[in-house]
Amino acid sequence: MAIPLSWYLIVAAALFCIGFYGVLARRNAVAILMGVELMLNAVNINFLAFWRYVRPEEPLGQVFAIFVLAVAAAEAAVGLALIISIYRTRKTINIDNIDLLRG
Amino acid sequence: MNLPHIDFSVITPELIVIATALVVMLAEFVGAHATPSPTRSHRIALIALLGLVLAALAAVAGLGRAATDIQGMLVADDLGRYLELVVLLAAALGLLLAWDYLPQFTKMHSEYYALYLLAVVGMMFMGKSTELITLFVSLEILSVALYVLTGFHRGQLAAGEAALKYFLLGAFSSAFFIYGAALLYGDTGSTHLVDIAARASGGFLTLAGLALLLVGFGFKLAVVPFHMWTPDVYQGAPTPVTAFMSVGTKAAAFVALFRVLQAAGVSYATWSLVLALLATLTMTWGNLAALRQSSLKRMLAYSSIAHAGYMLIGVTAGMQLGLSAVLFYLFAYAFMNIGAFAVVSLLERPGYHATQDATIDAARGLFARKPLLAVVMAIFLLSLAGVPPLAGFFGKLYLFNAAVQSGWIWLAIVGMINSVVSAYYYLRVTVLMFMTEADETSFLRSPLSNATGLAIAVAMVGTLLLGIFAGPWLQQLGQAALAFAGS
């Protein structure tokens with residue numbers, strides 16, 4: 001095998017951190033959601049790499065990755081619906097302006 | 001291809017709730033041209049309630065039986081059955097609160113109760129899962145349903161904001177959770193907790209994996225420093241939803257945390273210090289922040305953070321001593337906290353305000369207006385503060401006792417100091433109810449509906465009975481805990 005496992009793990013960790021940064025730095029709710037999706041997919045790389053290198057005889061990693069994809073899709077559906085509902089009442093999805101609840 | 005044998009008796013209560021959710025969803029289409037009305041809503045709620053009661057009966061019927069499992073993914077042991085009972089109890093009480101609360105602001109009754117039941121199913125599965133994929137999926141079932149329920153009051157700005165915050169932080173925390181799961185999988189090549197326990201290397205992957213899982217749990221349990229969403233979400237969500245999720249999510253997540261930590265048993269000495277520090281932070285922060293709240297719901301939200309901290313003391317104390325105390329506390333907390341939220345829901349002004357939640361002033365002179373209600377609310381608050389002989393007192397007693405017996409004396413002392421601090425904000429409301437005159441700021445939704453009255457009565461009886469029969473009940477739970485710790 002030409003590419004060692006650690007390379008995949010490093011790419012995944014880097015992607016996870018980029019997503020993490022996006023969540024913290026972006027103010028637009030949709031962009032934050034994109035950051036979260038990036039984090040979830042970074043983990044999927046981990047799952048697949050671990051499956052291939054640690055225990056290829058059992059497809060657990062693949063199964064987990066598929067579940068993560070399905071859950072991410074459900075979350076995106078609910079999340080975008082919430083964002084639309086907020087946009088209709090407030091005309092903004094900038095989270096700095098959505099600050100009724102505090103204290 | 002051979003299909004794996006599945007023993008469906010392991011998930012009987014869950015199957016009942018799922019079937020009820022489907023029936024409730026379809027109930028919308030029964031009866032042509034039927035307009036949504038309170039009676040219709042009550043009919044749907046009644047079906048949902050029947051499903052919850054049936055599921056609880058199924059769980060009770062299983063108590064004491066030997067543990068069975070499905071492919072090592074879901075296990076039906078007594079710990080799981082008691083968890084189901086806590087969740088179903090919280091769900092039933094929350095449903096009674098929604099009975100007359102829901103028709104005030106929405107016509108989508110089927111959707112509400114179906115999502116509600118699915119959240120219940122997610123919690124029940126979560127407490128029974130012994131495998132990371134199952135755990136993750138059940139966690140998401142309950143979370144996604146709760147995101148929608150939080151924002152169910154669509155005309156209200158606060159509800160939408162709460163739902164968005166809950167969603168963004170919840171999805172964010174899920175990412176940490178599965179990163180942790182991925183690292184544990186990479187370490188051991190398995191997602192089954194049993195295999196992870198057997199094969200964990202104890203090296204960097206194990207530790208990092210468990211730490212990330214703990215972060216994910218921390219968000220769901222509202223543990224400081226992962227609690228930022230809690231006050232906003234609890235304040236903005238419809239009160240019946242807040243009451244239900246404050247108990248149900250915690251119960252499910254605590255039991256799941258115990259299962260995960262048992263898999264990590266090798267390094268328990270390391271983890272207990274981290275857990276002790278988290279418990280200290282959580283209790284102290286929750287109580288101090290609750291001191292300066294003017295909204296009743298927000299105050300109870302911070303108080304729920306503090307209570308998660310108390311329960312973390314039990315987790316720190318470990319399987320043998322802490323688990324039964326945490327289970328006892330969850331039952332006590334279900335009764336007293338939902339009872340308090342039930343009274344708060346009566347103090348809220350109906351209508352489409354930005355935030356319609358009750359301020360502490362709404363409780364002014366409640367004793368003069370409704371003496372019985374004021375006394376009952378006082379009992380809930382005193383129980384939350386930990387005054388004997390109520391359920392909350394024994395809950396705290398057992399937790400602190402478990403801490404002392406397992407050598408965490410300073411943690412027990414911190415817990416006691418925190419109880420004293422918390423008494424201040426609970427008593428402040430009590431004093432307002434009893435010692436001040438009603439004025440224009442005070443409010444009470446009237447007349448008191450039968451369903452809310454029933455919920456308050458059940459919560460009241462539970463708070464008193466758990467106090468009186470604390471010893472025998474703890475022994476019951478202790479057997480379940482021992483069976484789990486020995487397994």
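Since the structure is predicted, the reported quantities are computational estimates derived from the model, not experimental observations. Letters go in sequence order (proteins before strands), and every chain restarts at 1.
Of the residues considered (Ile141(B), Val148(B), Leu132(B)), Leu132(B) shows the highest number of contacts with chain A, using heavy-atom pairs under 4.5 Å. Among the candidates Ile178(B), Val144(B), Leu168(B), the residue making the largest number of heavy-atom pairs closer than 4.5 Å to chain A is Ile178(B). Interface remark: of the candidates Ile98(A), Asp99(A), Val36(A), Ile83(A), Ile98(A) forms the most heavy-atom pairs closer than 4.5 Å to chain B. No other option in Glu58(A), Arg88(A), Arg90(A) has as many heavy-atom pairs under 4.5 Å with chain B as Arg90(A). Heavy-atom pairs under 4.5 Å with chain B peak, among Met39(A), Glu75(A), Glu37(A), at Glu75(A). Of all the listed residues (Ala29(A), Gly61(A), Gly19(A)), the one sharing the greatest number of non-hydrogen pairs under 4.5 Å with chain B is Gly61(A).
The six-membered or imidazole ring of Tyr179(B) lies near that of Phe16(A), with a centre-to-centre distance under 6.0 Å.
If you measure heavy-atom distances from Ile86(A) to chain B, the contacts under 4.5 Å come from the side chain alone. Heavy-atom distances place no part of Ala77(A) under 4.5 Å from chain B, backbone and side chain included. Within the 4.5 angstrom heavy-atom criterion, no atom of Ile93(A) approaches chain B. Both the backbone and the side chain of Leu183(B) come within contact range of chain A, each with at least one heavy atom under 4.5 Å from a heavy atom of that chain. Using a 4.5 Å cut-off between heavy atoms, Phe136(B) touches chain A through its side chain atoms alone. Of the atoms belonging to Val68(A), heavy atoms from both backbone and side chain fall under 4.5 Å from chain B. When heavy atoms are compared at a cutoff of 4.5 Å, Ser143(B) does not approach chain A at all. The parts of Glu161(B) that come within reach of chain A are both its backbone and its side chain, each placing non-hydrogen atoms under 4.5 angstrom from that chain. Ala289(B) does not touch chain A: none of its heavy atoms, backbone or side chain, sits under 4.5 Å away.
Using modelled atom types, one finds a donor on one side chain and an acceptor on the other under 3.5 Å when comparing Thr239(B) with Lys297(B). Thr134(B) and Glu131(B) are linked by a side-chain donor-acceptor pair at a separation below 3.5 angstrom, with hydrogens and angles left out of the test. For the residue pair Thr188(B)/Asp195(B), the side-chain donor-acceptor check at 3.5 Å is not satisfied. Looking only at atom types and distance, the side chain of Thr206(B) has a donor-acceptor partner in the side chain of Ser201(B) under 3.5 Å away. Using modelled atom types and a 3.5 Å distance limit, the side chains of Tyr425(B) and Asn287(B) yield a donor-acceptor pair.
At a threshold of 4.0 Å, the pair Lys128(B)-Asp69(B) does not count as salt-bridged, since none of the basic side-chain nitrogens sits closer than that to a carboxylate oxygen.
No more than 12 heavy atoms of other residues, nucleotides or ligands shown are found within 6.0 angstrom of CE on Met34(A).
Between Val429(B) and Met299(B), the closest side-chain pair of non-hydrogen atoms falls below 4.5 Å. Counting heavy atoms from C-beta on, the side chains of Tyr53(A) and Tyr8(A) come closer than 4.5 Å.
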